[in-house]
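Beneath this line is the structure, given in structure tokens, with notes to follow.
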Amino acid sequence: MMRTMFKRTFAGAMLMGLLIPLLAACGGQAEPQVIRETVVVRETVEPQIIEQTVIVEAPTAEEGATEEGAEEPAASTESYTTPHPILDDLRVRQAIAYCADRSEVAKSVYSFLDDEQREELLMDTFLPKTHWAAAGEDDGITVYPFDPEQGQALLDEAGWTLDEGDTVRMNEAGEPLTLKFTTTNAQFRQTWAAVFEQQLLDNCGIQIIRTHAPGSWWFGGTTGLQRRDFELGAFAWVGETDPKGQTLYACNQIPLPSNSWEGQNYMGWCNETASQAIIAANNTLDRDERIAQYQIFQQEFTKDMPSLPMFNRLEVAAASGNVENYNPDPTEYYTKNIYEWTLTDGGDTVVLGMTQEPASMFTQNESAAVQRIAAYLIGNFGHQGFAFTAADYDYQALALTELPSIENGGAALEAVEVNAGDMVWSVDGDAVELADGVEVINADGETVAFEGDAITMNQLSVTFEYQEGITWEDGEPLKAADFELGNAIECDPEAGTISLQICNSRQEIEYVSDNSYTITYLPGVQWPEYSVYSLYAYPSHQELSDGRTLADVPADEWSSLPEIAEAPLSLGPYRLVEWEKGQRMVFEANPNYYGGEPAIQNVIIQFFEDTNQAVAQLLTGDVDVLGRETLGAGPEVEAVLQEAEEGTDLQVFTLASPTWEHVDINLFTK
Amino acid sequence: MTTFLVRRLFQMLVVITLSAMASYGLLYLAPGGPLLFLQQLQRSGPQAVTEEDIARIKARFELDLYLPYRFTRWFVGLPRGPITVGDQAFFSDLQVGCAIPGQVRLRYPDGRIEFIEEGCEVPVTMADLEGRDVSRGVMLGDFGDSQVILRDRPISILIESRLWYTLALMGVSTLLAILIGVPIGIYSAVRQYSRFDYAMTTMAFVGSSLPTFFFGIIAILLFAIIAKEAGLPYLPPGNATANRDYVIPLIGTVEARSTLDYVLHFIMPCAVLTFVNIAQWSRFVRTSMLEVLRQDYVRTARAKGVRERLVITKHAMRNALIPFVTLLAGVLPTLIGGAAITEAVFNWPGLGRLLIDALERSDYTVAMSLTFLSILMLLIGYLISDILYTVVDPRIRLS
């Protein structure tokens with residue numbers, strides 16, 4: 001027994017003798033001391049402003065509670081502050097732009113378009129050519145037509161030369177001009193990226209090494225783009241009616257480890273002039289001033305070439321030749337003017353096809369295009385599509401008498417004095433009580449910290465006035481109580497609203513009459529799109545099936561309320577009479593529509609799972625209209641275009657989508 | 001028999017629980033979900049989203065609860081809050097989730113700074129669950145609310161709206177496939193290597209090799225688009241019913257949503273599914289029948305001078321159909337689950353199309369409910385086939 005025990009102990013000791021050195025060897029050096037600091041998560045981490053000279057101020061010890069005994073690092077070097085050895089050179093970036101034939105790149109994915117149609121898709125700046133804020137060559141922007149000679153000259157000048165017989169340029173040190181190009185693995189991007197790669201190599205000797213990553217990695221919260229893990233990176237942005245752009249291009253929007261990777265300026269591009277211009281453009285309510293600031297921004301943007309706009313994506317919409325006044329638009333849903341449509345064959349029913357079913361008619365909790373297309377038919381609770389529209393990258397009044405603006409007197413910017421305890425809108429974009437240290441923007445546009453003395457700030461008030469005679473489908477007139485209920489529900493977090501920023505920024509709403517109200521914002525609020533921040537309207541008088549009145553229903557019940565989510569009362573040209581889940585929604589003309597009864601009596605929205613089936617029904621005449629949200633630019637589009645070319649009674653519209661492809665150039669390395 | 005049934009029901013309970021856990025866990029691991037869009041929202045400007053907004057939305061979808069609690073609330077509707085005995089509440093402070101995760105800033109000696117999520121800034125306790133909406137649990141037949149497709153409204157509405165369509169399509173096509181496929185399989189086996197056998201084997205080979213969407217698209221092209229363009233009688237390309245009245249040559253005007261309209265829409269998806277099922281089942285029955293026909297007792301029966309028809313119907317066929325009973329067990333879940341691809345191709349508003357929609361739109365509660373129903377039906381199917389065994393094969397005793 002003892003012998004066995006001895007043997008086992010001895011064997012164990014031998015084993016430990018072998019394992020301990022092995023483990024020690026594998027373990028390597030001891031982990032360096034890492035200082036852990038707890039962060040109060042609800043406070044926004046102050047973003048670091050990075051100058052182009054790339055010196056980043058190290059966070060100080062006061063920013064967090066340093067662990068006891070931990071030593072403060074002597075020096076700090078932020079990630080992504082080393083200029084990229086190749087792409088930091090402006091000449092190389094411009095050469096890339098000159099060497100790429102973007103028309104050919106677009107052709108690789110839209111081969112069925114003619115040259116003129118393809119040219120319309122090309123972009124020079126971050127805005128489509130037809131946008132109200134877009135700058136052109138006459139406005140001093142730099143354009144990059146396909147010019148390989150110019151590109152080659154710039155590369156030669158930058159020290160990247162091509163020896164005879166070589167295909168890739170080299171510098172004096174013999175290093176090749178090789179760049180990593182990252183994008184998603186979508187077939188669409190694989191196709192155009194292959195052409196782009198070949199063009200840069202053939203035309204200018206720039207070697208591209210492509211990586212097609214899964215979208216989950218490329219667009220992940222902690223990977224890919226958000227961590228700036230690329231040299232050249234391709235993806236798409238979606239343009240809007242308002243040009244915005246501050247979060248994409250301002251100096252304080254560069255994602256860095258020290259700001260918790262906040263921001264979308266993935267290039268790390270910081271041009272002070274451009275940054276100030278885009279911030280100014282987003283902090284003024286004067287449209288002329290905005291246009292001027294965006295022009296400055298676009299001049300700098302195109303000059304520095306931190307991102308190469310490739311092309312607007314294509315979107316196709318189609319309708320039977322029988323439908324008149326169907327007018328699809330890149331920034332507005334096509335049912336915006338359905339009350340104007342007519343059928344040439346005198347029919348009384350138009351069938352719209354959609355490849356997705358709306359989740360709910362409760363607009364404020366939904367953002368899907370299919371929901372808006374359906375909701376516009378019934379007035380969208382008095383919001384976009386009813387009060388105003390957003391066609392062709394701009395806004396137009398519809399039920400509103402006009403869009404309120406400072407220029408037409410519908411809005412006013414008044415200088416007010418604020419003191420301690422007053423509610424104001426801070427620089428960080430929060431509604432706060434004015435107290436020592438709170439930073440606000442004063443009436444002169446300067447950022448100042450409150451120190452006890454009164455500050456003069458700008459206060460915005462906007463009056464919305466609706467046309468006379470607007471009624472609900474049951475004949476009840478639209479009234480102040482409906483807007484009041486709209487505001488109450490929109491601003492109640494229990495109703496499911498995601499962002500409450502606009503609600504929080506309102507100081508007061510005065511209901512001037514049943515068709516007019518004035519919203520006064522907190523001092524400091526400057527929403528560039530104030531003209532369209534109107535209120536929702538809900539029929540406060542509506543009696544529910546359970547006997548209650550809509551105005552009495554608690555907010556948390558609204559999203560599941562059949563009278564709101566399934567069959568709401570209409571303010572629009574049609575009323576919803578039937579919703580067969582998974583099949584169709586049936587609408588009929590609203591006799592109480594303030595704009596008069598529409599020409600077509602019935603509208604049916606047919607839902608499809610498969611776009612092929614939708615196209616088949618368009619071709620057989622079972623469906624009359626397929627919008628851009630359904631057809632998009634998928635393979636089915638070719639069949640539609642082919643049919644139209646063959647003389648079928650079909651109207652086909654090719655639109656430059658607000659979604660645009662571009663190649664971001666990372667100016668820094670880790 | 002009673003002992004067998006009790007034992008099987010207990011086993012079913014265990015299998016349902018385990019498979020529900022597995023499928024729930026798999027969907028939990030899948031990328032996407034109702035919070036994905038939050039990553040795309042801006043942190044500044046009029047649509048800015050704060051940590052509180054995110055916490056509120058997470059609570060709405062129960063994503064602030066730890067997985068085990070989320071699962072049990074979905075499965076059996078528990079826990080609903082602290083356990084109360086008299087005036088005493090127990091486990092009130094038990095942490096069951098995290099509303100806002102903690103953040104730690106790491107400073108490395110080389111100056112790098114990194115933020116990581118660690119710990120929990122605002123925990124969710126059992127007391128916080130009180131008052132939250134929760135279903136009674138899928139085990140009690142309450143599937144809860146849809147997260148996307150029918151936002152915040154009961155999944156049962158969705159299932160009810162699709163169930164009849166799936167039952168009709170799958171029921172009729174399955175019945176037709178059995179009625180046609182079984183005799184074909186038997187006849188092919190009896191007349192092995194005949195022209196009929198070769199023809200049927202080739203057809204079955206084609207039918208089981210090519211996917212249903214291929215047949216679907218070809219059928220739409222031939223019988224809907226080309227036929228209509230050629231001025232011939234045609235079939236509607238899809239949907240369960242038409243939106244407008246239409247005219248078919250030789251038939252005349254068909255009123256939308258009439259019985260004739262329904263039948264015309266039903267023909268193509270039903271025919272495609274029937275064809276595919278016939279292909280599979282006739283091959284199965286043929287193989288089984290061939291095996292039985294080579295058995296000694298069949299040879300003995302023939303040697304005894306029993307008439308061939310009796311040998312086939314009485315001796316061979318009954319035994320050849322025993323394995324077929326197992327195959328039938330799989331029919332039950334498809335009756336409910338539907339034929340996802342066929343339904344999608346023909347735009348048939350059934351449960352299969354609903355499942356595809358739920359997966360595409362990351363409506364996990366709907367996808368889970370349909371998966372759960374399929375599991376349940378499969379187990380019931382196996383139970384029925386086990387019982388049917390005793391009917392078709394007297395040698396089998398359930399005890």
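These values consider heavy atoms only, across backbone and side chains, with no hydrogens, waters or symmetry-generated copies. Below, read A as the first sequence line, B as the second, and so on, with proteins coming before strands; counting in each chain starts at 1.
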Check this for me: does any side-chain nitrogen of one of Glu529(A) and Lys244(A) sit under 4.0 Å from a carboxylate oxygen of the other? yes
Any side-chain donor-acceptor pair under 3.5 Å between Thr497(A) and Gln364(A)? yes
Chain A contact via Ala242(B) - side chain, backbone, both or neither, heavy atoms under 4.5 Å: backbone
Below 4.5 Å from any heavy atom of chain A, which atoms of Thr241(B) appear? Answer side chain, backbone, both or neither. both
Ranking Ser360(A), Gly347(A), Ala368(A), Gly263(A) by heavy-atom pairs under 4.5 Å to chain B gives rank one to Ser360(A)
Counting only heavy atoms closer than 4.5 Å, note whether Asp556(A) contacts chain B via side chain, backbone, both or neither. neither
Is the Tyr246(B) ring parallel, tilted or perpendicular to the Tyr234(B) ring (thresholds 30°, 60°)? tilted
Interchain contact, Ile149(B) with chain A, by part (heavy-atom threshold 4.5 Å): backbone
Given heavy-atom pairs under 4.5 angstrom as the criterion, report whether the side chain, backbone, both or neither of Phe362(A) touches chain B. neither
Heavy-atom proximity to chain B below 4.5 Å, by part of Val238(A): neither
With a 4.0 Å cut-off on N to O distance, would you call Arg257(B) and Glu580(A) a salt bridge? yes
Give a yes or no on whether a salt bridge exists between Arg244(B) and Asp624(A), defined as a side-chain N under 4.0 angstrom from a carboxylate O. yes
Of the backbone (N, CA, C, O) and the side chain (C-beta and beyond), which part of Glu360(B) lies under 4.5 Å from a heavy atom of chain A, both, or neither? side chain
Options Gln226(A), Glu494(A), Gln246(A), Glu578(A), ranked by heavy-atom pairs under 4.5 Å with chain B, top entry: Glu578(A)
For Tyr165(B), is it the side chain, the backbone, both, or neither that has a heavy atom closer than 4.5 Å to a heavy atom of chain A? side chain
Winner by heavy-atom pair count (cut-off under 4.5 Å) against chain A, out of Leu354(B), Asp357(B), Ile356(B), Asn239(B): Asn239(B)
Hey, are Lys581(A) and Glu566(A) close enough for a salt bridge, meaning a charged N less than 4.0 Å from a carboxylate O? yes
Is chain B contacted by the side chain of Ile604(A), its backbone, both, or neither, given a heavy-atom distance below 4.5 Å? side chain
In terms of relative ring orientation, are Phe266(B) and Tyr262(B) parallel, tilted or perpendicular, with 30° and 60° separating the classes? parallel
Let me know if Val525(A) has heavy atoms under 4.5 Å from chain B in its side chain, its backbone, both or neither. neither
Using only heavy-atom distances, determine whether the side chains of Gln253(A) and Thr247(A) contain a donor-acceptor pair under 3.5 Å. no
Best-contacting candidate, Asn282(A), Thr349(A), Asn602(A), against chain B by heavy atom pairs under 4.5 angstrom: Thr349(A)
Pick one of side chain, backbone, both or neither for Pro358(A), based on which atoms fall under 4.5 Å of a heavy atom in chain B. backbone
Only one of Trp527(A), Trp425(A), Tyr521(A) passes side-chain hydrogen bond (donor to acceptor under 3.5 Å, both in side chains) with Ser505(A); say which it is. Trp527(A)
Using a distance-only test with no angle check, is there a side-chain donor-acceptor pair under 3.5 angstrom linking Asn365(A) and Arg151(B)? no
